Amino acid sequence: MEQNLLLELAKKYESPLYVYNTDKIKSQYKKITSAFSKVKNVKINYAVKALSNVNILKVFNELESGLDTVSIQEVRLGLSAGFEPKDIIYTPNGVSLKEIEDVAKLGVQINIDNLSILELFGQKYPKTPVCIRINPHVMAGGNSKISVGHIDSKFGISIHQVPHIKRVVENTGMLINGIHMHTGSDILDIDTFLMATEILFKITKEFKNIEFIDFGSGFKVPYKLGDISTNIDELGKHLSKRFNEFCKEYGKELTLMFEPGKFLVSEAGYFLATVNVIKQTTSTVFAGIDSGLNHLIRPMFYNSYHHIENISNPKGRERFYSIVGYICETDTFGTNRRISEIREEDVLCFHNAGAYCFSMASNYNSRYRPAEVMIHNKKDYLIRKRETFDDIIKNQDIVI
Ligand SMILES: *Cc1c(COP(=O)(O)O)cnc(C)c1O
């Protein structure tokens with residue numbers, strides 16, 4: 001997006017500020033659907049936790065996407081955005097039977113990821129169709145915090161427990177209508193991913209009433225210059241062919257599902273922050289901004305790279321900086337970054353700020369969470385007000 005427009009928005013709405021460009025969301029969505037155009041029934045369920053503003057959800061509703069949710073609150077956001085319950089899948093982990101029952105009562109597709117709850121739910125609601133989340137034990141990507149399909153992961157029911165799943169299904173008479181996996185955040189190697197899909201096909205054959213297979217996500221987008229992204233067209237070509245063959249083997253036209261978060265929204269987002277102070281130390285030059293790990297925690301939590309530009313001085317001489325936050329923790333956004341000369345009050349722009357940025361923001365240090373702006377059909381809209389002191393104190397009762 002144009003630097004001048006971002007700079008104007010920082011002036012108009014003040015910083016720190018998140019900005020989302022819905023054109024990019026739409027073009028990413030189209031990339032996936034066109035890669036799988038040869039499959040008759042394809043459903044993309046956007047993973048709400050990546051960016052959950054209800055206006056963004058409305059954009060997905062216009063695209064005829066479904067939603068992937070992990071909490072009853074995300075389900076309720078989806079319903080508020082106008083989604084039909086049937087277009088929402090609920091894939092929680094470690095939640096109570098009660099919450100799962102409450103979501104099922106709303107008419108949302110349930111996806112269960114452990115045998116204990118499967119057995120309890122199946123006994124109480126044998127007629128409610130349930131999807132099961134399988135852990136295929138395929139290692140996708142390298143970072144254990146974002147890789148959730150490996151052997152020690154807390155997610156999913158192990159492929160080695162399929163006999164136990166079948167026993168639960170027989171004993172309760174419950175209806176299994178979907179098979180799901182979500183192996184982790186980065187598919188770099190299509191062959192590894194296709195290997196996991198073969199495991200799902202095998203498990204699908206164990207159940208008679210399957211309607212859909214949900215292959216989760218893991219689509220990677222570039223964050224750094226030279227990063228490889230998932231080759232969606234290549235994946236689409238191979239998986240579509242194999243999926244269509246499998247439907248014949250199974251004897252039914254199944255629905256192919258994906259639930260991407262990052263792929264759809266990461267590159268659509270920008271985070272704008274103002275430089276409060278330039279501080280020269282014996283070892284580096286720090287640029288301290290009016291933000292910190294309370295607004296964008298990915299660099300500190302996952303060691304992720306976010307490209308940073310100085311949009312106030314794009315033609316300035318390039319120098320090396322450490323970009324840090326104002327939180328009383330070591331909240332470093334980037335070190336040894338070559339950036340055009342930074343002056344106090346300049347506005348810095350962080351790229352790839354659409355996914356897991358605002359949605360992971362907190363009030364640590366009793367700071368306000370930022371405002372959010374959406375650029376939609378060439379117009380800018382404030383879609384979340386900046387917090388105020390009221391938001392910080394409103395649930396605290398002064399009792400002494
Ligand atoms: C988080 C999550 C996703 C989305 O992952 P991305 O890496 O953002 O694409 C999909 N499915 C489930 C079950 C998830 O928990």
Side-chain angles (χ1 to χ4, degrees), residues 45 47 68-71 89-101 103-104 108-141 144-185 187 191-218 239 242-243 246-247 249-250 252 254-259:
N45 296 318
D68 173 63
T69 58
V70 295
S71 70
I89 181 164
Y90 172 66
T91 306
N93 175 261
V95 310
S96 66
L97 177 62
K98 168 81 169 52
E99 183 171 314
I100 295 176
E101 290 176 3
V103 173
V108 166
Q109 172 71 51
I110 303 297
N111 186 4
I112 294 182
D113 98 325
N114 67 83
L115 283 162
S116 171
I117 298 275
L118 188 72
E119 186 180 275
L120 295 174
F121 190 88
Q123 288 182 80
K124 264 177 115 166
Y125 309 96
K127 294 209 167 67
T128 304
V130 166
C131 170
I132 38 184
R133 178 171 184 171
I134 298 292
N135 182 343
H137 304 310
V138 168
M139 189 75 184
S144 70
K145 267 196 194 151
I146 52 174
S147 196
V148 294
H150 57 90
I151 195 104
D152 295 326
S153 164
K154 69 165 184 167
F155 298 97
I157 304 174
S158 166
I159 39 169
H160 305 302
Q161 290 174 308
V162 169
H164 197 167
I165 301 174
K166 287 180 73 179
R167 182 189 299 275
V168 169
V169 171
E170 270 159 34
N171 288 344
T172 58
M174 72 189 299
L175 177 64
I176 303 299
N177 70 337
I179 301 290
H180 167 273
M181 72 165 181
H182 173 61
T183 55
S185 255
I187 308 172
D191 288 338
T192 310
F193 190 79
L194 290 173
M195 222 167 73
T197 65
E198 288 303 326
I199 295 171
L200 285 205
F201 290 145
K202 217 167 128 202
I203 293 170
T204 301
K205 283 197 203 155
E206 303 279 338
F207 301 92
K208 295 280 155 293
N209 301 300
I210 300 299
E211 288 161 10
F212 64 89
I213 305 179
D214 186 336
F215 296 98
S217 177
L239 183 55
R242 191 57 196 106
F243 187 82
F246 178 75
C247 288
E249 279 172 45
Y250 191 75
K252 188 156 127 195
L254 301 169
T255 298
L256 185 158
M257 282 188 190
F258 277 114
E259 46 190 32

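These numbers come from a predicted model, not from an experiment.
The shortest distance between side-chain heavy atoms of L239 and F215 falls below 4.5 Å. Side-chain contact between M195 and P136 is absent, with no heavy-atom pair separated by less than 4.5 Å. Side chains of F246 and K205 form a contact here, defined as non-hydrogen atoms less than 4.5 Å apart. Put simply, the side chain of L175 does not reach to within 4.5 Å of the side chain of T128, judged on heavy atoms.
Residue F212 holds its CZ atom at 10.5 Å from CG of L254, rounded to the nearest 0.5 Å.
Within 6.0 Å of NZ on K252 lie more than 12 heavy atoms contributed by other residues, nucleotides or ligands.
E119 and R167 are not joined by a salt bridge, as no carboxylate oxygen comes within less than 4.0 angstrom of a charged side-chain nitrogen.
The two residues H137 and N135 make their nearest non-hydrogen contact at N-OD1, 2.8 Å. In terms of heavy atoms, S217 sits closest to F193 at O-CE1, 4.0 Å.
Here the options are V70, I112, T69, the test is side-chain contact (heavy atoms from CB on, under 4.5 Å), and the partner is Y90; only T69 passes. Across I213, I176, I134, I199, a single residue satisfies side-chain contact (heavy atoms from CB on, under 4.5 Å) together with T204, and that is I213.
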Stepwise side-chain contact (heavy atoms from CB on, under 4.5 Å) check, I157 with R133: CA-CA 6 Å; I157 304 174; R133 178 171 184 171; 5.9 Å; no

Chi angles and distances behind the side-chain contact (heavy atoms from CB on, under 4.5 Å) call for K166, F207: CA-CA 8 Å; K166 287 180 73 179; F207 301 92; 4.1 Å; yes

Check against side-chain contact (heavy atoms from CB on, under 4.5 Å), D214 and M181: CA-CA 6 Å; D214 186 336; M181 72 165 181; over 6 Å; no

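Formation of a donor-acceptor pair under 3.5 Å by the Y250 side chain with backbone atoms of K208 is found in this model.
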